[in-house]
Amino acid sequence: MKKNLNRKGIWIPLDILENTTLDSTNKILLSEILSLTKLPDHCFASNKYFGELLGLTRSSVSKRISFLQEKGFIKTENKYENNHCVGRIITEGNVIPQKNKTISNKKGGSSFKD
């Protein structure tokens, strides 16, 4: 993967981080997708890009993107030129990630402050 010298990391919004329906990899993938949707051309990153970023095969990325789409977190639209698919644009879906209602503010080992 090309190194982007301006890149500082991936920010995971709390509502995604606390979501109990997503595993850690899907949380990272969704966070990266949503950050890219803020760009003027939206998110058009390939499965290869996400695979290199997360250490996954393109097939695994494809399954994860399909899962996120099925759950309503994202929408995808294939772009065609001369009847050939030349890429895909991913936009934010209609589902706002559901917060985990079981997180407690217990003391000892928790990063929550009272």
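All of these numbers come straight from a predicted model, not from anything done at the bench.
- Cluster membership for Leu34 and Leu36, using ILVMFWY side-chain heavy atoms within less than 4.5 angstrom, is shared.
- Checked against side-chain contact (heavy atoms from CB on, under 4.5 Å), Thr57 has the following partners two or more places apart in sequence or in another chain: Ser59, Ser60.
- Distance check, rounded to the nearest 0.5 Å: CD1 of Ile89 to CG of Asp41 gives 7.5 Å.
- Interatomic distance, CG of Asn78 versus NE2 of His84, reported as 14.0 Å (0.5 Å rounding).
- Expressed to the nearest 0.5 Å, how far CD of Glu92 lies from CG of Leu30 amounts to 8.5 Å.
- Within the 4.5 Å cutoff, side-chain heavy atoms of Ile65 are placed close to those of Arg88.
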Candidate pair Leu54 and Arg64, rule side chain to side chain contact (heavy atoms under 4.5 Å, CB included), full reasoning: CA-CA 12 Å; Leu54 299 170; Arg64 289 178 178 277; 5.9 Å; no

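- Pairing each heavy atom of Leu22 with each of Asn19, the nearest pair is N-OD1, 3.3 Å.
- A single hydrophobic cluster is not seen to contain both Val86 and Phe50; linkage of ILVMFWY side chains at heavy-atom distances under 4.5 Å, directly or through other members, places them apart.
- Counting only heavy atoms from C-beta outward, the side chains of Glu32 and Ser35 approach each other to under 4.5 Å.
- Side-chain heavy atoms closer than 4.5 Å link hydrophobic residues (I, L, V, M, F, W, Y) into clusters, and following such links, even through other members, never connects Tyr80 to Phe44.
- Taking NE2 of His42 as the start and CD1 of Ile33 as the end, the distance is 14.5 Å to the nearest 0.5 Å.
- Under the 4.5 Å side-chain heavy-atom criterion for Ile, Leu, Val, Met, Phe, Trp and Tyr, Ile10 and Val61 are members of the same hydrophobic cluster.
- Of the possible polar contacts, none joining the Ser62 side chain to the Arg58 backbone as a donor-acceptor pair under 3.5 Å is found.
- Cluster membership check: Leu14 does not share its hydrophobic cluster with Trp11, using side-chain heavy-atom separations under 4.5 Å among Ile, Leu, Val, Met, Phe, Trp and Tyr.
- Considering CD1 of Ile28 and CG of Leu17, their distance stands at 10.0 Å, rounded to 0.5 Å.
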Scan the side chains in residues 67-76 for donor-acceptor partners under 3.5 Å anywhere in the protein, sequence neighbours excluded, and list what turns up.
from	atom 1	to	atom 2	distance (Å)
Gln69	OE1	Thr76	OG1	3.0
Gln69	NE2	Thr76	OG1	3.1
Lys75	NZ	Asn94	OD1	3.4

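- Looking at Lys79 and Glu77, a side-chain N of the basic residue comes within less than 4.0 Å of a carboxylate O on the acidic one, giving a salt bridge.
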